[in-house]
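Have a look at the structure below before the remarks.
Just follow the structure's listing: the first ligand is 1, and inside any ligand the first atom is 1.
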Amino acid sequence: MKFLFDSKEFKTKYHYEGKDLGASYNKDRTVFKVWAPTADTVSLCTYPDGLESACLQEYTMEKQEQGIWSVGITGDLEGTYYTYRLNIGGEIRETQDIYGKACGANGKRSMVVDLEKTNPDGWNEDFFAGRDKAVPAIYELHIKDFSSDLCSGVTKEHRGKYLAFTEMGTTLKGEGKTATCLSYIKELGISHIHLLPAFDFGSVDETKPLDNQFNWGYDPVNYNVPEGGYSTNPADGHVRIREFKQMVQAIHNAGMGVVMDVVYNHTYTMDSAFQKTVPDYYYRFHKDGTLADGSCCGNDTASERYMFRKFMMESVCYWAQEYHIDGFRFDLMGLHDVTTMNEIRAALDALPGGKSILVYGEPWRGRPSAMRKGCIPALKKNIAKLDERIAIFNDDTRDAIKGSVFLEEEPGYINGNAGLGERIPSCVLAWCDGKESYMPKNPGQIITYVSAHDNFTLWDKLNYTLFQEPDFYKKEEAVLKLNRMAAGMVMTSLGTPFFQAGEEFGRTKNGIGDSFKTESAINQLDWSRAEEYSDLVEYYKGLLQIRKHFCALTSKNSQVLERFSFCDTDKQEMIAFRIQGMEAEEDWWKELFVIYQNSEKKKEMKLPEGSWNLLCDGESCIPEGIKNCNNTIELNGKSVIILGRK
Ligand code: CA
């Protein structure tokens with residue numbers, strides 16, 4: 001059967017265009033619709049709870065056109081849990097609803113929900129006020145990491161949960177001195193908080209909230225339901241929805257947008273609702289019948305199949321509309337096809353305010369998949385085929401600045417491989433200078449970064465490249481210096497800056513790279529570092545402010561490249577460039593002069609003509625200016641220097 005799914009006949013007979021799959025709730029009647037063209041019979045089972053209770057009633061569903069099975073139940077079904085029982089070739093499978101909007105603990109049963117009931121006060125007025133004007137700068141955060149630290153100042157019941165975001169005014173150990181959590185992030189100057197997976201995933205047992213479980217969450221179970229482990233009561237299907245919305249509302253109230261990390265490229269296991277409902281349809285297989293595994297997670301979903309592409313589009317739009325999400329980060333986007341990604345962009349654009357929703361992803365995959373012939377994977381090399389408002393994480397920038405993410409001791413430009421200096425101007429220009437085999441349409445298509453949840457933190461990576469036996473918990477000036485330099489380079493480059501939460505206070509995971517299920521104590525943000533490394537935090541704030549007040553750095557238009565002029569320097573030792581401003585209203589300066597001094601040597605450098613203000617001297621960064629500089633400037637080695645001219 002699985003080889004007929006791509007036939008013309010299957011398309012005509014079974015592709016379903018309606019947007020009413022799942023449970024459509026009304027106070028006096030709920031209609032259930034499931035797409036299951038290969039099933040012989042389908043029934044609906046109702047339950048009083050989401051876990052072990054016996055079935056209340058089983059209703060036979062009626063076969064309709066296009067592979068649809070449907071039943072309408074009279075009465076108010078709000079809060080009723082349900083599953084579908086499918087007979088496919090004599091085999092009975094019971095599953096939750098692919099399109100389920102609520103579920104019980106561990107997501108085995110879906111729940112009928114009146115979404116109105118889950119809205120916190122003021123939800124109808126909630127939106128990200130800066131959505132049209134915000135200059136994107138993205139902060140990547142795991143929900144549990146955010147507040148697990150006993151010193152986070154968050155109340156015990158909310159630590160590690162959605163509700164931690166609703167606590168403003170928290171301070172380190174509650175001492176009233178150093179701000180923590182959302183109060184802290186609010187002052188950083190970032191535009192969007194990007195949350196690691198927050199849809200329902202499978203690796204954390206929601207029935208054991210007291211066990212100290214941890215996982216990044218790249219193991220999707222129910223795509224359209226928030227994860228239960230971050231709620232205060234996973235067993236009641238309403239609670240996770242309401243608390244997720246409270247989190248979004250709190251972030252919006254703090255002046256930032258919310259990006260969701262979405263993982264449509266694979267499911268937790270093959271024991272999924274997709275596989276049980278239409279066996280083999282939603283996944284890719286090699287010609288020999290084995291499962292494709294480009295995700296290195298056991299399976300690859302098939303974005304190029306009509307009903308999965310449709311599911312992805314509807315799912316993303318659902319999160320944008322119901323949960324007011326402001327951006328989506330696609331995990332292993334290279335496993336999706338370009339058409340699907342572009343159609344998702346178009347579907348978001350069609351929503352009210354949808355054009356401001358960010359879309360970006362990882363333009364790679366673990367290994368080759370089995371995408372249908374003729375489809376184009378959304379890999380880096382195909383960036384020119386992606387919509388100009390779909391961005392990619394740029395690993396070339398990441399690796400050129402600080403070295404390989406896999407080989408811990410392999411350095412980048414700033415920490416030992418000065419030869420990479422030849423590539424740095426391309427990093428600055430977000431690879432729009434045509435010097436690579438791929439060609440972004442504009443700088444807006446590039447995410448410029450040196451740290452993310454995957455692999456070592458920036459602090460740990462720098463330590464590995466500097467020391468034989470690093471002590472990751474030591475406040476080491478040589479590491480701080482390189483950390484400041486890396487951040488200075490990211491923030492003075494084109495593209496959208498992105499960093500892992502805590503990079504700005506030298507976050508360490510004690511040298512562990514792949515910490516996806518490592519204990520919380522290693523992963524969590526150590527809020528005492530916000531105090532200990534407050535100078536570094538202030539430096540990041542300064543850099544973000546400089547960007548915000550110099551539009552040529554944040555422009556998404558390729559014409560901006562003309563404003564950059566590089567000085568003739570030995571790139572191993574130094575990169576220097578001038579950026580002509582756009583004389584925008586927000587601009588504080590007419591021109592910037594940026595120097596990346598890579599050599600250790602102290603020296604004096606002649607400045608271009610004009611009256612310059614030193615904004616960043618490599619140690620501190622004060623966007624209004626530290627002091628006036630004319631004619632020459634002292635360089636103290638290994639730093640990013642930024643000057644502005646009125
Ligand atoms: Ca879960």
Side-chain angles (χ1 to χ4, degrees), residues 22 47 49-53 79 81-83 94-113 118 141-148 158-165 195-248 260-277 295 297-299 301 311 315 318-319 322-323 325 331 453 516-520 523:
Y47 298 90
D49 70 37
L51 276 174
E52 304 295 338
S53 56
Y81 291 83
Y82 69 96
T83 59
E94 186 168 346
T95 177
Q96 78 272 28
D97 188 348
I98 292 170
Y99 284 82
K101 290 177 172 150
C103 66
N106 288 337
K108 295 282 180 211
R109 292 174 181 172
S110 304
M111 187 189 91
V112 179
V113 64
T118 64
L141 184 64
H142 183 277
I143 291 169
K144 194 166 180 183
D145 288 350
F146 172 66
S147 62
S148 285
H158 293 170
R159 267 183 232 143
K161 309 285 184 198
Y162 298 124
L163 292 182
F165 288 84
L195 298 168
L196 260 68
F199 50 73
D200 177 41
F201 55 81
S203 55
V204 163
D205 186 346
E206 298 178 7
T207 63
K208 295 180 177 141
L210 297 177
D211 290 9
N212 190 16
Q213 302 177 74
F214 181 89
N215 205 289
W216 283 344
Y218 292 88
D219 43 80
V221 175
N222 289 290
Y223 283 106
N224 291 346
V225 185
E227 161 59 15
Y230 300 140
S231 76
T232 57
N233 181 8
D236 178 343
H238 302 93
V239 177
R240 60 177 81 193
I241 301 177
R242 185 179 309 113
E243 292 179 351
F244 189 105
K245 288 177 174 176
Q246 286 177 269
M247 169 183 72
V248 172
M260 263 183 91
D261 192 336
V262 286
V263 190
Y264 295 106
N265 65 77
H266 72 276
T267 57
Y268 182 36
T269 62
M270 284 302 283
D271 186 34
S272 70
F274 293 96
Q275 183 64 2
K276 285 178 178 167
T277 306
S295 66
C297 292
N299 61 74
T301 54
F311 175 79
S315 176
Y318 172 68
W319 283 101
E322 185 62 33
Y323 289 94
I325 296 298
D331 185 62
H453 67 279
F516 77 99
K517 57 176 184 181
T518 307
E519 59 185 308
S520 206
N523 277 294

Quiz item: Just checking, R109 and Y47: is the charged tip under 6.0 Å from the six-membered ring centre and within 45° of the axis?
Solution: yes

Quiz item: Should the pair K245-E322 be classified as a salt bridge under the 4.0 Å nitrogen-to-oxygen rule?
Solution: yes

Exercise. Please name the atom of E227, restricted to N, O or S, that is closest to the Ca ion (ligand 1).
Key: OE1

Quiz prompt | Metal proximity, F201 vs the Ca ion (ligand 1), N/O/S cut-off 3.0 Å | solution = yes

Self-check item: Distance flag, aromatic centroids of Y218 and F516, threshold under 6.0 Å
Solution: no

Practice problem: May I have the angle between E206 OE2 and D200 OD1 with its vertex at the Ca ion (ligand 1), rounded to 10°? | Solution: 90°

Exercise. Can you run down the salt bridge (charged side-chain N to carboxylate O under 4.0 Å, His left out) pairs that involve residues 226-239, sequence neighbours left out, and say none if there aren't any?
Key: none

